[in-house]
Novice: 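Handing you this structure, nothing more for now.
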Amino acid sequence: MHAAETIAQHRRQTGQSAVDATFALLQARVLHGRWAAGDKVPTEASLVAELGVSRTTVREALNRLASTGLIVAPHSGTRRVADFRDCAGLEVLAELVVAPDGQVDLQVVRAVTEMRGAIAPDVARLAARRRSEEAAARLVALAGALDPQAPLQRLLDETLAWWTALVLASDNLAYRLAYNTLRSTYTEGSSLLQQVIADELRAVALYREVAAAVERRDEAGAAASCAALVGLGGSAIDAVIHTFLAMETP
């Protein structure tokens with residue numbers, strides 16, 4: 001499929017503006033290696049011809065790439081592709097999870113899972129310390145409503161709501177912003193991930209343990225139960241990656 005057709009299809013599917021769709025396509029080229037770090041960015045004229053959009057649209061998309069640090073755009077001179085690993089923020093993680101061909105990058109998923117494993121217990125600890133009565137009650141109610149026999153997609157949706165409540169109860173803005181990114185990565189790869197982390201999604205008793213510890217302001221208990229919970233997903237993802245690597249080894 002030509003790039004112009006890709007943008008047109010993407011706009012039909014998402015309702016995005018021409019600028020948003022163009023930015024998404026060009027961002028994918030940087031993040032997934034079609035444009036390598038240090039490469040010259042194609043000229044605006046060549047991108048207009050290739051993508052079938054206006055020069056204003058291309059320029060706005062390129063300016064947005066520059067503002068996110070994905071390309072270097074000096075006041076004079078040639079635009080060049082930056083190494084996103086050196087300059088991008090957490091906002092690109094969700095875009096890295098699924099490649100343009102639809103394949104989930106398990107290495108990225110593992111990185112996200114490891115970060116979640118490090119952060120989540122401290123989120124639970126802070127929630128136990130700072131939660132309001134209303135926040136504690138909501139967390140307990142959400143955990144109580146979880147059904148381990150429910151379809152995995154429903155459990156994914158409901159546990160994400162539970163995690164949102166836990167992060168809000170922690171009253172930590174940095175963790176809240178990081179969680180927004182983590183949630184996006186799990187949503188992007190949900191069809192595969194919900195199968196891989198099924199044991200975590202069905203570990204209803206642990207969700208309830210964390211909620212109960214938060215309610216009674218037991219910081220150590222909340223952190224320990226939360227570590228056990230996210231450890232289930234982390235171990236499952238590590239096992240899948242190990243299996244794939246073993247299959248690829250001659």
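Numbering of residues begins at 1 and proceeds along the displayed sequence.
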Novice: List the atom of Gly69, the atom of Ala82, and the distance in Å for their closest heavy-atom pair.
Specialist: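 Answer, listing the atom of Gly69 first, then Ala82: O-CB, 3.4 Å.
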Novice: Quick one: do Arg202 and Tyr207 satisfy side chain to side chain contact (heavy atoms under 4.5 Å, CB included)? Show the steps, please.
Specialist: CA-CA 9 Å; Arg202 298 198 187 283; Tyr207 290 97; over 6 Å; no
Novice: How many angstroms lie between atom CG of Leu229 and atom CD of Glu209, to the nearest 0.5 angstrom?
Specialist: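 So the gap between those two atoms works out to 9.5 Å.
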Novice: Going by the rule side-chain contact (heavy atoms from CB on, under 4.5 Å), which residues pair with Val108 if we only count those two or more places apart in sequence or in a different chain?
Specialist: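 Testing Val108 for side-chain contact (heavy atoms from CB on, under 4.5 Å), a comparison that skips the adjacent residues, returns Leu93, Leu96, Val97, Asp105, Val112.
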Novice: List the atom of Gly144, the atom of Arg208, and the distance in Å for their closest heavy-atom pair.
Specialist: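 Result for this residue pair: O-NH2, 3.1 Å.
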Novice: If you take all heavy atoms of Leu232 and Asp199, which pair is closest and at what distance?
Specialist: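 Between these two residues, the closest heavy atoms are CD1-O, 4.0 Å.
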Novice: Which heavy-atom pair separates Ala213 from Gly221 by the least distance, and what is that distance?
Specialist: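 In this case the closest contact between Ala213 and Gly221 is CB-C, 3.8 Å.
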Novice: Sequence neighbours left out, what passes side-chain hydrogen bond (donor to acceptor under 3.5 Å, both in side chains) with Ser54? Give chain and number order.
Specialist: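 side-chain hydrogen bond (donor to acceptor under 3.5 Å, both in side chains) list for Ser54, sorted by chain: Thr57.
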Novice: Step by step, work out the side chain to side chain contact (heavy atoms under 4.5 Å, CB included) result for Glu60 and Thr22.
Specialist: CA-CA 9 Å; Glu60 288 188 28; Thr22 302; over 6 Å; no
Novice: To the nearest 0.5 angstrom, please state how far the CZ atom of Arg176 sits from the CZ atom of Arg183.
Specialist: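 With rounding to 0.5 Å, CZ (Arg176) is 9.0 Å from CZ (Arg183).
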Novice: For residues Leu139 and Glu215, determine if any side-chain heavy atom of one lies less than 4.5 Å from a side-chain heavy atom of the other.
Specialist: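 A side-chain contact is absent here, since even the closest heavy-atom pair is not under 4.5 Å.
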Novice: Do the side chains of Leu47 and Leu62 get nearer than 4.5 Å, heavy atoms only?
Specialist: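 Contact flag for Leu62/Leu47 side chains = yes.
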Novice: With distance as the sole test, does Thr159 use its side chain to make a donor-acceptor pair with the main-chain N or O of Leu156 at under 3.5 Å?
Specialist: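 The answer is yes, because a donor-acceptor pair under 3.5 Å joins these two groups.
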Novice: Would you check if Val81 and Arg29 make a side-chain contact, meaning some heavy-atom pair closer than 4.5 Å?
Specialist: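 Side chain of Val81 against side chain of Arg29, heavy atoms only: no contact under 4.5 Å found.
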Novice: Side chains of residues 161-168: which donor-acceptor pairs under 3.5 Å do they make with residues two or more places apart or in other chains?
Specialist:
{"residue": "Thr164", "atom": "OG1", "partner": "Leu160", "partner atom": "O", "Å": "2.9"}
{"residue": "Thr164", "atom": "OG1", "partner": "Tyr179", "partner atom": "OH", "Å": "2.8"}

Novice: Between Ala236 and Val196, which heavy-atom pair has the shortest distance, and what is it?
Specialist: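 Heavy atoms only, the tightest pair is CB-O, 3.2 Å.
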Novice: When you group the ILVMFWY residues by side-chain heavy-atom contacts below 4.5 Å and let the links chain together, are Val19 and Ile71 in the same group?
Specialist: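 No, separate clusters.
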Novice: Show your working on side chain to side chain contact (heavy atoms under 4.5 Å, CB included) between Leu142 and Glu158 and close with a plain yes or no.
Specialist: CA-CA 8 Å; Leu142 287 171; Glu158 292 180 350; over 6 Å; no
Novice: Just verifying a value: how many Å separate Leu26 CG and Leu31 CG, rounded to the nearest 0.5 Å?
Specialist: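 It comes to 11.0 Å.
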Novice: Enumerate the side chain to side chain donor-acceptor pair (under 3.5 Å) contacts for residues 133-146, please, sequence neighbours excluded, ordered by first and then second residue.
Specialist: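 Every pair satisfying side chain to side chain donor-acceptor pair (under 3.5 Å) with a residue in residues 133-146: Arg131-Glu133.
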Novice: Could you pull out all residues at least two apart from Thr43 that satisfy side-chain hydrogen bond (donor to acceptor under 3.5 Å, both in side chains)?
Specialist: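 Partners of Thr43 under the side-chain hydrogen bond (donor to acceptor under 3.5 Å, both in side chains) test: Ser46.
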Novice: Residues two or more places apart in sequence or in another chain: which of them pass side-chain hydrogen bond (donor to acceptor under 3.5 Å, both in side chains) with Arg80?
Specialist: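 With sequence neighbours excluded, Arg80 shows a side-chain hydrogen bond (donor to acceptor under 3.5 Å, both in side chains) to no residue whatsoever.
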Novice: Check whether Arg79 reaches the backbone of Val72 with its side chain - one donor and one acceptor, N or O, closer than 3.5 Å.
Specialist: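 Judged by distance alone, no pair lies under 3.5 Å.
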Novice: Salt bridge or not between Arg64 and Asp20? Use side-chain N to carboxylate O under 4.0 Å.
Specialist: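 Salt bridge flag = yes for Asp20 with Arg64.
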Novice: Going hydrophobic residue to hydrophobic residue with side-chain gaps under 4.5 angstrom, can you get from Val204 over to Ile197?
Specialist: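 Val204 clusters together with Ile197.
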Novice: Hey, mind stepping through Leu126 and Asp171 against side chain to side chain contact (heavy atoms under 4.5 Å, CB included) and telling me if it holds?
Specialist: CA-CA 8 Å; Leu126 291 176; Asp171 193 27; over 6 Å; no
Novice: For the CG atom of Leu155 and the CG atom of Asp147, what is their distance to the nearest 0.5 Å?
Specialist: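 Between atom CG of Leu155 and atom CG of Asp147 there are 7.0 Å.
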Novice: With a 4.0 Å cut-off on N to O distance, would you call Asp122 and Arg125 a salt bridge?
Specialist: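 Judged by the 4.0 Å cut-off on N to carboxylate O distance, Asp122 and Arg125 do form a salt bridge.
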Novice: Linking I/L/V/M/F/W/Y whenever any side-chain heavy atoms sit under 4.5 Å apart, do Val140 and Val123 land together?
Specialist: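 They do not share one cluster, since no chain of ILVMFWY contacts under 4.5 Å joins Val140 to Val123.
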Novice: Would you check if Leu152 and Gln195 make a side-chain contact, meaning some heavy-atom pair closer than 4.5 Å?
Specialist: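 Yes; the side chains approach each other to less than 4.5 Å.
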Novice: Quick one: pull up CD in Glu50 and CG in Leu25 and give me the separation to the nearest 0.5 Å.
Specialist: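 Going from CD on Glu50 over to CG on Leu25, the span is 7.5 Å.
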Novice: Applying the side chain to side chain contact (heavy atoms under 4.5 Å, CB included) test to Val30, which of Leu70, Val92, Val41 qualifies?
Specialist: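 Answer after filtering Leu70, Val92, Val41: Leu70.
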Novice: Hey, does Val53 have a side-chain heavy atom less than 4.5 Å from the side chain of Val58?
Specialist: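 Side-chain contact under 4.5 Å: yes.
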Novice: Which heavy atom of Cys87 sits nearest to which heavy atom of Asp83, and what is that distance?
Specialist: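 Closest pair (atom of Cys87, atom of Asp83, distance): SG-O, 3.2 Å.
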Novice: So how far is it from Asn172 CG to Ile119 CD1, rounded to the nearest 0.5 Å?
Specialist: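 So the gap between those two atoms works out to 9.5 Å.
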